S.K.: 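Dropping the structure in here first, questions after.
Below, chain A is the first sequence line, B the second, and so on; all start at residue 1. Since the model is a prediction, treat every value here as computed from it, not as a measurement.
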There are 2 protein chains.
Amino acid sequence: MVKFRTGCPIASALDIVGDKWSIVIIRSMVVGATSYSDLLAMPEKIATNILAERLRRLEEAGLIRQTQARQGATRGVYGLTAKGAALIPALQALARWGEDELPDRWTPPERFYSARPADFDNGSMVTSAS
Amino acid sequence: MVKFRTGCPIASALDIVGDKWSIVIIRSMVVGATSYSDLLAMPEKIATNILAERLRRLEEAGLIRQTQARQGATRGVYGLTAKGAALIPALQALARWGEDELPDRWTPPERFYSARPADFDNGSMVTSAS
DNA sequence: ATTTTTTACTTGCAAAATGCAAGTTAGAAA
DNA sequence: TTTCTAACTTGCATTTTGCAAGTAAAAAAT
């Protein structure tokens, strides 16, 4: 259970996603990563224990959820909840800053900037995992 | 000198401001904090060594700068550079998320949401410090 | 001009977060 | 059924953050 430093909405948001990895994970989910392996393969090379712990934390905070790829399977598929997807505008603003202000940054896939919170957490996305 | 994990603009942005405190510091500067003491008094209660180190790091990255409040004085006044101010949209998006998605968060001062990057780093702001 | 107070750090150490690399096990593939 | 692989877990090292006391120069008070 996350403990908020103060009532400030920014500080509180950071209390949930302001670690070194959470936003990077959410970024990858916005552009299609759904499994633990997908995320482990991120170019930033996250450590396995950090990834596991972050996913647990993000799930507990309600930003992501894990569902079963198939009936009875324990290997899950992660997806953004509406609450998690609502962070997309902030991620996009951050990406723009990075592109504009930092030298020689990659250009994110088109899919990233076109993503909208409403595109996520609509149920059908989960069952179409394959 | 910050080392970027990868070329991704988000990850790179986070490599600069993705610690526990940088964005909180920038937030306070957007709404008027200019001195070390102002920032030390933030409701989040930052530790003195962390504040000093963060200010040094943000200055090195070109997001803030310190100038002298008066001729010859060593006590400086901190202000956002254009580069730092360009993060305002991302901070505002994050604040909105915090307000919308987290229970019982404070409402940021009007000044925060009305702030525009162009309002900062125009020179006259520095000399009017008092 | 001198003394006192305050600001801006610095320092030493503890606690928490992150990272590395090997290990384990259940699910999936062969 | 056996083998392979995904999804963690574990033990320990390194880095970051936090606590609290200390220091010194600048600013305020006398």
S.K.: Tell me: CD1 of A:I46 to P of D:dA7, nearest whole Å?
M.R.: 14 Å

S.K.: Pairs in or reaching into residues 4-28 of chain A: which pass salt bridge (charged side-chain N to carboxylate O under 4.0 Å, His left out), with residues at least two apart or in two chains?
M.R.: A:R5-A:D15, A:D19-A:R54, A:R27-A:E44

S.K.: What are the residues of residues 4-23 of chain A, sorted by number, that bring a heavy atom to within less than 4.0 Å of DNA chain C?
M.R.: A:D19, A:K20, A:W21

S.K.: Taking CG from B:D38 and C1' from C:dA8, how many angstroms apart are they, rounded to a whole number?
M.R.: 13 Å

S.K.: Show every salt bridge (charged side-chain N to carboxylate O under 4.0 Å, His left out) that has at least one partner inside residues 29-39 of chain A, sequence neighbours left out.
M.R.: none

S.K.: Please give, in whole Å, the distance from C:dA17 P to A:L51 CG?
M.R.: 17 Å

S.K.: Tell me the interatomic distance from A:E53, atom CD, to D:dC8, atom P, rounded to whole angstroms.
M.R.: 12 Å

S.K.: Who pairs with A:Y36 by side chain to side chain donor-acceptor pair (under 3.5 Å), at least two apart in sequence or on another chain?
M.R.: none

S.K.: For B:R105, give me all partners under salt bridge (Lys or Arg N to Asp or Glu O under 4.0 Å), at least two apart in sequence or on another chain.
M.R.: none

S.K.: For B:E59, what residues pass the salt bridge (Lys or Arg N to Asp or Glu O under 4.0 Å) criterion, not counting sequence neighbours?
M.R.: none

S.K.: Could you state the CZ-C1' distance from B:R57 to D:dT15, rounded to the nearest angstrom?
M.R.: 10 Å

S.K.: Under the rule for salt bridge (Lys or Arg N to Asp or Glu O under 4.0 Å), what residues qualify as partners of B:R96, not counting sequence neighbours?
M.R.: none

S.K.: Grab the NZ-C1' distance between B:K45 and D:dA20 for me, whole Å please.
M.R.: 15 Å

S.K.: Polar atom pairs between nucleotides 9-11 of chain C and protein, under 3.5 Å, N or O only, would you list them?
M.R.:
unit_1, atom_1, unit_2, atom_2, d
C:dC9, OP2, B:Y78, OH, 2.9
C:dT10, O4, B:T48, OG1, 2.6

S.K.: Only counting residues at least two apart or in another chain, list the ones meeting side chain to side chain donor-acceptor pair (under 3.5 Å) with A:E60.
M.R.: none

S.K.: Would you kindly give the NZ-to-P distance between B:K3 and D:dT14, to the nearest whole Å?
M.R.: 19 Å

S.K.: Hey, what do you get for CD1 (A:I10) to CG (B:L94), rounding to the nearest 0.5 Å?
M.R.: 6.0 Å

